[in-house]
Amino acid sequence: MTMDNTQSDEQQLEELIKQESQRITKDNKFKVEDGCKNHFLPPVKEIYAFLNIKHDAKTLHQLMRQQDASIPEISPSSLDNIHRHGVGKSIFLKFTEVMKRSSNVLLNTMLPNKHPLLDRALAVNSNASGWLGVLLMYQELQNNPNINQQELLHYKKLVEFVSQRCEQEVVFYEGCKKKHYAGEINLTDQQAYWETELHPFYQQHTQLNEAVFISFNKILQGVDIQALTKSQKLEWIENAYKLT
C-alpha cells in the first residue's frame, strides 16, 4: 500500500467516524454488540470467555494506556457501557482514538470494500463479522517480522476452519434473507425455519448425527424436559452438549 493510499484510507476512516458520531443522540447511543447466540459460529466473546481471556473495551483501554500515556482517559463505567447500555458522542470519539492507535487492522475492518465478506457479514448480522476481524489480525501477524512465523503456523488449520465457517454462514444467511423477502420462508416460524433451512444446513456443514438434531427439534416443539425419564434426560443433555 502506498503512502497516498494510506492517507486516503485514514481520511475515509475519519469521515466514517464523523458520520457515526453525528448519528449518536441521547436516544441512539453507540454500542458494541457482542454477537448473536449461535451454535454454528458462536460470538468471538464466548470463545474468549471459554479460554478465560479478557476481551472488552476496558481491557483494551488499560493495555493501551500502559503503552501510551497520551491515550484519552475514559472512566471504567463508560467503558462498561460501550458493551451494555451504550455511550454518547464524547466517549465514542475517545474510544475510536484508542482503537485507531491499537492496530491498523481497524482500517481494514471499518472501511467499505476492504474485506468484502466482512461487509456482507454485517449486512446479515452474522457473527462472522467479529471473527473476520480476528482473522485480519492473524494476517497482520503473518506480516510482522518480529513474530515467530513457525509458531504462527500451528494456528493455520484453525484459521482456515474459521474462515470457511464464516463464508458458509454468510452465504446461508444471505440465502435465507433473500427467501424471506421473496415470501418463500417465514423467519419468525422457528419450527419451519429449522426443518426447511437450518437442519439441512447443519447436515451439510457439520458432523453432528441425527440424534442431536432430533433433540434440538424437541426443544423447538416445546417438549417438557422435566417429564422425560432419567435416561432420556441424560441422552438429551449429551446431545445438547454436542450441539454447543
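Heavy-atom basis, side chains included; hydrogens, waters and symmetry copies ignored.
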The ring-ring contact (aromatic ring centres under 6.0 Å, His included) partners of Tyr48 (sequence neighbours excluded) come to His55
With heavy-atom distances below 4.5 Å as the criterion, would you say the side chains of [X] and [Y] are in contact?
| X | Y | value |
| --- | --- | --- |
| Val87 | Lys29 | no |
| Trp131 | Ile47 | yes |
| Ser78 | Phe95 | no |
| Asn127 | Cys36 | yes |

Please identify each residue that fulfils side-chain contact (heavy atoms from CB on, under 4.5 Å) with [X], with sequence neighbours left out.
| X | value |
| --- | --- |
| Leu152 | Tyr138, Leu141, Gln142, Ile147, Gln149 |
| Ser90 | none |
| Glu20 | Arg23, Phe30, Phe92 |
| Thr188 | Asn186 |

Does [X] share a hydrophobic cluster with [Y], counting links as ILVMFWY side-chain heavy atoms below 4.5 Å and allowing steps through other members?
| X | Y | result |
| --- | --- | --- |
| Leu122 | Val170 | yes |
| Leu117 | Val159 | yes |
| Ile185 | Val171 | no |

For Glu46, the salt bridge (charged side-chain N to carboxylate O under 4.0 Å, His left out) test, sequence neighbours excluded, returns Lys37
Contacts of Glu210 meeting salt bridge (charged side-chain N to carboxylate O under 4.0 Å, His left out) (sequence neighbours excluded), chain-then-number -> none
Using the salt bridge (Lys or Arg N to Asp or Glu O under 4.0 Å) rule, collect all pairs that involve [range], keeping only residues at least two apart or in two chains.
| range | result |
| --- | --- |
| residues 195-208 | Lys179-Glu197 |
| residues 180-190 | none |
| residues 77-96 | Lys58-Asp80 |

When you measure from the side chain of Tyr202 to the backbone of Trp194, do you find a donor-acceptor pair of N or O atoms at a distance under 3.5 Å? no
Does Phe213 offer a backbone N or O that forms a donor-acceptor pair with the side chain of His199 under 3.5 Å? no
Name the orientation class of the two ring planes belonging to Phe172 and Phe201 (parallel below 30°, tilted from 30 to 60°, perpendicular beyond 60°). parallel
With Thr196 via side-chain hydrogen bond (donor to acceptor under 3.5 Å, both in side chains) - residues at least two apart: none
Taking side-chain hydrogen bond (donor to acceptor under 3.5 Å, both in side chains) as the cut-off, I'd like each qualifying pair that reaches into residues 159-178, sequence neighbours left out, listed once. Asn38-Glu169, Asn38-Tyr173, Arg120-Glu174, Ser126-Glu169, Gln168-His205
